[in-house]
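No experiment lies behind these values; they were computed from the predicted model shown. Along the sequence shown, residues carry numbers from 1.
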Amino acid sequence: MDIKNLISNCIAEALKSLYNIDQAPDTIVLQETKREFTGDYTLVVFPYVKAAHKAPEAVAQEIGQWVTERLPQLKSFSVIKGFLNFEIADSYWLNFVSDFYSDTAFGTTKAASDDTPVVVEYSSPNTNKPLHLGHIRNNLLGWSVSQLLVANGANVKKVNLVNDRGIHICKSMLAWLKYGNGETPESSGMKGDHLVGKYYVEFDKHYKEEVKALMESGVEEEQAKKDAPLMVSAQQMLKRWEEGDAEVRALWEKMNGWVYAGFDETYRRLGVGFDKIYYESQTYLLGKELVQKGLDLGVLYRKDDGSVWCDLTGDGLDQKLLLRRDGTSVYMTQDLGTALLRHNEFGAEQLIYVVGNEQDYHFKVLKLILGKLGFDWADKVYHLSYGMVELPNGKMKSREGTVVDADDLISEMEQTAAEMTREHGKNDDFSEDELAHLHHILALGALKYFILKVDPTKNMLFNPAESIDFNGNTGPFIQYTHARIRSIVRKAGNIGAPVVSNIILNEKERAVIKVLHELPDTIKSAAQSFSPAMIANYSYDLAKAFNSFYQDTPILRETNENVKHFRVQLCSFVANTLKNTMNILGIEVPEKM
């Protein structure tokens with residue numbers, strides 16, 4: 001049991017003994033003591049004053065005296081009005097370091113092999129365009145949340161649902177047929193996903209020209225958008241696809257194959273992956289079966305034009321389309337089918353969808369319809385809604401070709417990392433392969449950390465130059481700190497076990513140890529809130545505390561061998577922890593720089 005739990009339990013006993021107050025230990029709130037006061041943890045006693053019939057200072061004094069007499073781990077207590085501050089004895093902190101400095105799994109919990117899995121869906125790209133900066137946030141968040149849940153003891157299955165069918169896919173296919181002249185990834189030298197994305201942009205360009213021409217002939221804008229020949233042809237192609245037309249299916253398989261090869265390369269460079277990949281083309285039919293079930297149950301209804309809807313006005317929403325009048329399905333149709341498929345396959349504890357906040361409405365509807373269809377596990381569906389990524393010059397639009405391509409961004413970040421390492425002289429004694437690897441992990445460290453340090457629910461502005469700075473709250477700063485520590489430990493060589501009873505901690509050592517001590521609680525809290533940002537900022541706090549300690553405290557130059565050995569142990573503890581927390585973020589830390 002850690003010191004906070006020990007203190008909470010003892011406070012609960014004190015409240016019962018002194019004032020006959022019953023309070024569960026896990027409801028007692030201990031705060032970090034403010035820096036201007038002596039102490040480590042603070043109890044606010046005002047809630048107990050009325051029952052105790054005493055002044056706040058007296059209540060704090062009595063509880064403090066009662067607790068410190070019974071916990072040898074406490075050095076002292078102090079009272080500032082109604083605030084009771086406990087100071088932890090050095091012996092506790094020293095033993096903590098001695099017990100855990102070499103534990104590479106400290107702070108994490110291992111899942112049992114038979115634990116019910118948590119399914120996390122992320123990425124979910126469309127096969128009509130390459131991955132861009134918005135997809136990067138999705139992939140990094142999904143991967144990191146999965147790692148975070150694993151660190152907190154969950155059995156996680158990472159899945160990807162590829163949106164490989166639909167009107168948007170047909171737009172790229174149609175544009176390639178009309179304007180492509182047989183172009184292929186091999187003939188063009190382009191990655192397959194980039195090539196298909198090129199024709200998605202081509203469709204939009206020609207489609208806008210057709211809409212403009214119709215409007216100039218007197219057609220209203222909304223009607224012009226429906227009547228534009230390209231849009232009509234794309235809708236006809238989708239219908240032919242759903243009817244199994246051999247020619248359309250062959251083209252679809254060829255172009256999707258190009259895209260998958262491109263996606264795989266981008267995923268590899270990003271360092272993300274999946275336990276299973278689903279394809280909408282294989283799940284939407286199950287969704288159609290559920291629509292029929294809904295019609296049979298009277299939960300859904302068919303309009304005169306043949307389209308199928310769910311009336312959610314009684315739930316405070318509106319009416320939701322599930323099948324178009326021509327019988328083709330919509331996103332909701334396949335999401336219903338995919339949810340059922342995953343539930344049946346995994347018996348999941350939770351189905352987590354990592355999807356941007358523009359789809360908040362969609363997932364409210366998904367849960368409601370699943371519930372109306374009689375699935376009692378509908379409440380297990382959780383939408384991990386995150387904010388959009390914007391650039392200094394505004395939002396990105398795929399159809400207009402104004403996105404920041406993921407591959408281009410990674411390459412640019414690697415180039416910037418190479419320039420920064422040369423500028424800072426951090427590339428001595430590296431082979432060319434080692435340098436290339438260093439530049440890659442620094443680039444990804446900068447990219448991933450900058451994105452993941454922001455609360456997932458918030459929109460964010462991505463600034464590549466700011467992200468790769470070796471100073472401040474950045475990935476490279478933490479990566480460099482880790483490399484520095486590993487260098488210290490290597491130079492120290494084999495050390496003996498220090499006699500901790502003979503060591504007196506200084507302020508900077510205590511500050512580092514206290515941050516280390518918070519790791520288990522931080523992982524637990526971050527997992528409960530699905531927030532890698534808490535892990536990112538914990539990593540920064542630890543690196544910052546270590547650098548402050550390093551600047552003021554001799555380590556290898558320490559003349560007292562016992563103290564030196566302890567400080568090397570502390571360094572190892574910090575390095576192991578930084579490696580683990582950055583791993584949760586999907587970031588590799590270098591052993592040297």
Side-chain angles (χ1 to χ4, degrees), residues 122-123 131-148 266-267 269-272 354 356-357 384 386-396 403-421 423-424 426 438-483 522 526 530-544 547 578-579 581-590 593:
Y122 59 96
S123 197
L131 303 178
H132 56 61
L133 180 56
H135 293 116
I136 287 179
R137 188 177 196 188
N138 180 292
N139 278 278
L140 299 186
L141 184 57
W143 174 266
S144 184
V145 166
S146 299
Q147 294 287 91
L148 179 54
T266 307
Y267 288 141
R269 294 184 74 190
L270 272 178
V272 302
V354 182
N357 56 17
L384 178 48
Y386 64 89
M388 295 296 98
V389 184
E390 296 182 6
L391 295 162
N393 59 352
K395 295 182 178 180
M396 302 175 290
V403 300
V404 175
D405 179 80
D407 296 304
D408 291 345
L409 179 59
I410 294 171
S411 295
E412 289 171 11
M413 295 288 286
E414 288 173 342
Q415 181 60 39
T416 303
E419 294 169 0
M420 294 288 283
T421 51
E423 184 180 317
H424 287 78
K426 300 183 188 302
L438 177 64
H439 298 156
H440 178 68
I441 65 175
L442 287 175
L444 285 185
L447 174 63
K448 292 181 178 184
Y449 188 86
F450 196 88
I451 286 176
L452 291 172
K453 74 177 181 179
V454 178
D455 185 312
T457 63
K458 295 180 179 178
N459 289 350
M460 66 169 294
L461 188 70
F462 180 69
N463 186 326
E466 184 182 332
S467 73
I468 206 161
D469 196 337
F470 280 102
N471 298 302
N473 190 3
T474 67
F477 169 71
I478 298 169
Q479 289 172 308
Y480 180 55
T481 298
H482 177 269
T522 301
F530 305 110
S531 178
M534 295 176 66
I535 300 297
N537 289 293
Y538 170 90
S539 302
Y540 175 60
D541 288 343
L542 179 57
K544 192 167 54 171
N547 279 286
L578 287 177
K579 184 173 184 176
T581 56
M582 294 292 270
N583 181 61
I584 290 173
L585 304 178
I587 296 173
E588 184 179 347
V589 287
M593 279 179 65

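- Pairing each heavy atom of Asp407 with each of Asp405, the nearest pair is N-OD2, 3.0 Å.
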Practice prompt. Evaluate side chain to side chain contact (heavy atoms under 4.5 Å, CB included) for Leu542 paired with Tyr538, printing each intermediate quantity in order.
Written response: CA-CA 6 Å; Leu542 179 57; Tyr538 170 90; 4.3 Å; yes

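- Nearest heavy atom pair, residue Met420 against residue Ile468, reads CE-O, 3.6 Å.
- Residues Met413 and Leu444 are not in side-chain contact: their nearest non-hydrogen atoms beyond the backbone lie 4.5 Å or more apart.
- Using a 4.5 Å heavy-atom cutoff, the side chains of Asn357 and Asn459 are in contact.
- When each of Val354, Val145, Thr457 is paired with Tyr386, the side chain to side chain contact (heavy atoms under 4.5 Å, CB included) condition holds for Val354 and for no other.
- Salt-bridge annotation for Glu588 and Lys448: absent, with no side-chain N of the basic residue lying under 4.0 Å from a carboxylate O of the acidic one.
- The distance from the OG atom of Ser539 to the NZ atom of Lys544 is 12.5 Å, given to the nearest 0.5 Å.
- Between the side chain of Arg137 and the main chain of Gly356, no donor-acceptor pair closer than 3.5 Å is present.
- Not one N or O on the side chain of Asn138 forms a donor-acceptor pair closer than 3.5 Å with the backbone of Tyr122.
- Inter-residue side-chain proximity for Asn463 and Phe450 is flagged as met; some heavy-atom pair is nearer than 4.5 Å.
- Rounding to the nearest 0.5 Å places CG of Asn537 at 10.5 Å from OG1 of Thr522.
- Going from atom CG of Leu409 over to atom NE2 of His132 covers 12.0 Å, rounded to the nearest 0.5 Å.
- Under the 3.5 Å distance criterion, the side-chain polar atoms of Gln479 are matched with a main-chain donor or acceptor of Ile441.
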Discussion item. Walk me through whether Tyr267 and Ser123 qualify under side chain to side chain donor-acceptor pair (under 3.5 Å).
Written reply: CA-CA 10 Å; Tyr267 288 141; Ser123 197; 2.5 Å; yes

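- No side-chain heavy atom of Glu414 sits under 4.5 Å from any side-chain heavy atom of Glu419.
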Item to complete: Please assess Tyr449 against Phe477 for the test side chain to side chain contact (heavy atoms under 4.5 Å, CB included), listing each intermediate value before the final yes or no.
Response: CA-CA 10 Å; Tyr449 188 86; Phe477 169 71; over 6 Å; no

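- Nearest approach of Thr474 to Ser467, heavy atoms of both residues: CB-O, 3.6 Å.
- Ser144 contributes a side-chain N or O that, together with a main-chain N or O of Ile584, makes up a donor-acceptor pair within less than 3.5 Å.
- Here the side chains of Met593 and Leu442 are in contact, with some heavy-atom distance below 4.5 Å.
- When every heavy atom of Thr421 is checked against every heavy atom of His439, the shortest pair comes out as OG1-NE2, 3.1 Å.
- Residues Thr481 and Asn547 have side chains that bring a donor and an acceptor to within less than 3.5 angstrom of each other.
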Practice prompt. Quick one: do Val589 and Leu578 satisfy side chain to side chain contact (heavy atoms under 4.5 Å, CB included)? Show the steps, please.
Written response: CA-CA 8 Å; Val589 287; Leu578 287 177; 5.6 Å; no

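- Note that CG of Leu270 is 7.5 Å distant from CG of Leu131, once rounded to the nearest 0.5 Å.
- Side-chain contact check for Asn583 versus Gln147: some heavy-atom pair is nearer than 4.5 Å.
- Minimum interatomic distance between Ala406 and Thr266 (heavy atoms only, all atoms of both residues): CB-CG2, 4.0 Å.
- Note that the CD1 atom of Ile451 and the CD1 atom of Ile136 stand 6.0 Å from one another [nearest 0.5 Å].
- Once rounded to the nearest 0.5 Å, the distance linking CD of Glu412 with CG of Leu447 reads 11.5 Å.
- Across all non-hydrogen atoms, the minimal contact from Pro476 to Gly445 is CD-C, 4.5 Å.
- A donor-acceptor distance shorter than 3.5 angstrom exists from the side chain of His482 to the backbone of Pro590, with no hydrogens or angles considered.
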